[in-house]
Participant: 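Here it is, the structure in full.
Note that the structure is predicted; figures quoted are calculated from it, not measured.
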Amino acid sequence: MAVSLPNVLVLKPTPFITLLGEQFFASKKFTFLKAYDSPLPLHQFLSTHSHSIKAILSSVGAHVTADILQLLPEVGLVVTTSVGLNQVDVPECRRRGIKLANAGHIFSDDVADLAVGLLIDVLRKVSASDGYLRKGLWATKWDYPLGSKLGCKQVGIVGLGNIGYGVAKRLEAFGCSVSYCSRKRKPFVSYPFYESVSELAANCDVLMICCGLTDQTHHMINKEVLSALGKEGVIVNIGRGAIIDEKEMVRCLVQGEIAGAGLDVFENEPDVPEELFAMDNVVLSPHIAVFTQESFKDLRDLLVGNLEAFFTNKPLLSEYED
Ligand SMILES: O=CC(=O)O
């Protein structure tokens, strides 16, 4: 007799879903119901499967809203491919007693690596010089500008969680001085702590945004913070786009009120403000900080582990805590 496998909903073919690969979704342990493969409009698809969907696999760009959850009364778990859960209505999940599991710490090193990579690229103009060389300008003239040294920079880290701490350790090894601001002072580090992000910005050359997006951090990096960072200041964002007031940041870059930016995340992904494309002092990447083969192998294992734990009433491997 054929045994029916537990149904797990997948809402959209986001980059994460594509990168997990077909083999992952051909699992013999769960049936992944892909709403986007159905000709039915989403609400109709969800109503049709409303009593059989027990879990949702969520990823960046596929929002799990209160409206969706209302149509799925049997859902007991939302498991995400990401560390950040800003695409999930967490309070509504809590209210409904739905468990949450995120990607835990598996991506921390990759994200910290990319943050440092973006910073080095902005300061030493790696991408800009690549463009210079490819345009054939090296052979014809030499008017390439000097870069800026990494090792002597004062770096302010916004959010000293696992990723922020990884960035701090890497930059210390490069000879930078680190200070930070975070929801709470961290007793395990001796870096100077600032309660206000503006004060941190006023006292550093580089601001690294390493926190999550919440109601409290939305547009936390605003005009005041950017002007405190100042003309020589560089900002790097590997958190979420909406932590920075993007319009204001673009204005500051256009008018030379900050020196440069390294950005992996944007406020309205996949849209990126066009003004940034022409700027040599800005380095852009399409939200790829976590995308390494090694971490994706770990991610597949973690997702399966969390789903198995949930369906066998065992503790989740990476339960999300606010
Ligand atoms: O952006 C990626 C993540 O939150 O894991």
Side-chain angles (χ1 to χ4, degrees), residues 1-65 67-90 93 96 98-107 110-111 269-270 286-320:
M1 199 176 70
V3 182
S4 73
L5 303 174
N7 281 341
V8 180
L9 172 69
V10 188
L11 286 161
K12 270 189 174 182
T14 63
F16 270 100
I17 296 300
T18 308
L19 288 166
L20 282 171
E22 283 308 312
Q23 211 182 330
F24 175 81
F25 290 104
S27 166
K28 299 205 169 32
K29 297 177 174 169
F30 323 102
T31 301
F32 288 103
L33 288 180
K34 295 177 174 169
Y36 50 93
D37 275 353
S38 163
L40 296 177
L42 180 63
H43 272 59
Q44 216 176 318
F45 177 84
L46 297 181
S47 302
T48 309
H49 296 281
S50 110
H51 288 283
S52 72
I53 294 174
K54 309 285 184 210
I56 303 176
L57 172 58
S58 149
S59 57
V60 174
H63 292 264
V64 179
T65 61
D67 280 355
I68 289 177
L69 293 171
Q70 189 176 352
L71 294 169
L72 303 172
E74 300 294 321
V75 165
L77 172 72
V78 175
V79 59
T80 72
T81 58
S82 56
V83 180
L85 256 84
N86 57 295
Q87 78 277 12
V88 178
D89 188 334
V90 173
C93 289
R96 290 179 172 273
I98 296 173
K99 294 185 173 175
L100 294 165
N102 71 350
H105 298 315
I106 60 177
F107 294 134
D110 292 321
V111 179
E269 294 174 8
H287 201 151
I288 47 106
V290 305
F291 290 179
T292 68
Q293 291 185 14
E294 293 81 356
S295 289
F296 260 63
K297 185 188 169 308
D298 294 344
L299 176 63
R300 290 184 196 96
D301 294 345
L302 184 65
L303 290 170
V304 170
N306 272 316
L307 287 165
E308 278 181 333
F310 171 70
F311 287 118
T312 54
N313 291 317
K314 300 215 172 95
L316 297 174
L317 305 189
S318 54
E319 181 145 18
Y320 175 72

Participant: Roughly how far, to the nearest 0.5 Å, is CG of L42 from CG of L11?
Facilitator: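 Answer for the CG-CG pair, L11 versus L42, is 6.0 Å.
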Participant: Do F24 and V304 come close enough that some side-chain heavy atom pair is under 4.5 Å?
Facilitator: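 Yes - at least one pair of side-chain heavy atoms lies under 4.5 Å apart.
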Participant: Say you draw a straight line from CG of N306 to NZ of K99; how long is it, rounded to the nearest 0.5 Å?
Facilitator: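 Interatomic distance, N306 CG to K99 NZ, rounded to 0.5 Å: 10.5 Å.
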Participant: Both conditions, 6.0 Å and 45 degrees, for the charged tip of K34 above the ring of F25: are they met here?
Facilitator: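 The answer is yes; both the distance and angle limits are met.
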Participant: Between T81 and S59, which heavy-atom pair has the shortest distance, and what is it?
Facilitator: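 Smallest heavy-atom distance, with atoms named: OG1-CB, 3.1 Å.
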Participant: Can you tell me how far the CG atom of L299 sits from the CG atom of L19, to the nearest 0.5 Å?
Facilitator: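 Taking CG in L299 and CG in L19, the distance rounds to 10.0 Å.
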Participant: Do the non-hydrogen side-chain atoms of L307 and F32 ever get within less than 4.5 Å of each other?
Facilitator: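 Yes. Closest side-chain heavy atoms under 4.5 Å.
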Participant: Could you report the tightest heavy-atom contact between K54 and F310, atom names first, then the distance?
Facilitator: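 Result for this residue pair: O-CE2, 3.7 Å.
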Participant: If you apply the rule side-chain contact (heavy atoms from CB on, under 4.5 Å), what do you find for F45 with L9, and how did you get there?
Facilitator: CA-CA 11 Å; F45 177 84; L9 172 69; 3.8 Å; yes
Participant: About how many Å separate CG of N7 and CZ of F30, when rounded to the nearest 0.5 Å?
Facilitator: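 Nearest 0.5 Å value for the CZ-CG distance: 11.5 Å.
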Participant: Restricting to non-hydrogen atoms, name the atom on H63 and the atom on I68 that form the minimum distance, rounded to 0.1 Å.
Facilitator: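 H63 and I68 have their closest heavy atoms at O-CD1, 3.4 Å.
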Participant: How close do T18 and P13 get, heavy atom to heavy atom, and via which atoms?
Facilitator: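 Taking every non-hydrogen atom into account, OG1-O, 3.9 Å.
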Participant: Are the side chains of V83 and V290 in touch, meaning some heavy atoms are under 4.5 Å apart?
Facilitator: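 Result no, sub-4.5 Å side-chain heavy-atom pair not found.
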Participant: Looking at side-chain heavy atoms only, is the closest gap between V79 and L316 below 4.5 Å?
Facilitator: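 No, too far: nothing below the 4.5 Å cut-off.
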Participant: Answer whether the closest heavy-atom distance between the side chains of S295 and I106 falls below 4.5 Å.
Facilitator: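 Of all side-chain heavy-atom pairs linking I106 with S295, none is under 4.5 Å.
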Participant: Once rounded to the nearest 0.5 Å, what's the spacing between atom CD of E74 and atom OG of S50?
Facilitator: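 One gets 7.5 Å once the value is rounded to the nearest 0.5 Å.
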Participant: Give me the atom names and distance for the closest heavy-atom approach of K12 to G61.
Facilitator: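 Shortest heavy-atom contact: NZ-O, 3.3 Å.
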Participant: Please assess T292 against F107 for the test side-chain contact (heavy atoms from CB on, under 4.5 Å), listing each intermediate value before the final yes or no.
Facilitator: CA-CA 9 Å; T292 68; F107 294 134; over 6 Å; no
Participant: For residues F296 and D110, determine if any side-chain heavy atom of one lies less than 4.5 Å from a side-chain heavy atom of the other.
Facilitator: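 SC-SC contact between F296 and D110 ruled out.
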Participant: Measure the shortest side-chain to side-chain distance between I17 and L57 over non-hydrogen atoms and say whether it is less than 4.5 angstrom.
Facilitator: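 Touching, per the 4.5 Å side-chain cut-off.
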Participant: Nearest 0.5 angstrom please: L77 CG to T80 OG1, how far?
Facilitator: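 Nearest 0.5 Å value for the CG-OG1 distance: 9.5 Å.
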Participant: Looking at every non-hydrogen atom in both residues, tell me the closest pair between G305 and L317 and how far apart they are.
Facilitator: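 The answer is CA-CD1, 3.6 Å.
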Participant: Does L69 reach the side chain of I56, with side-chain heavy atoms less than 4.5 Å apart?
Facilitator: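 L69 vs I56: side chains touch.
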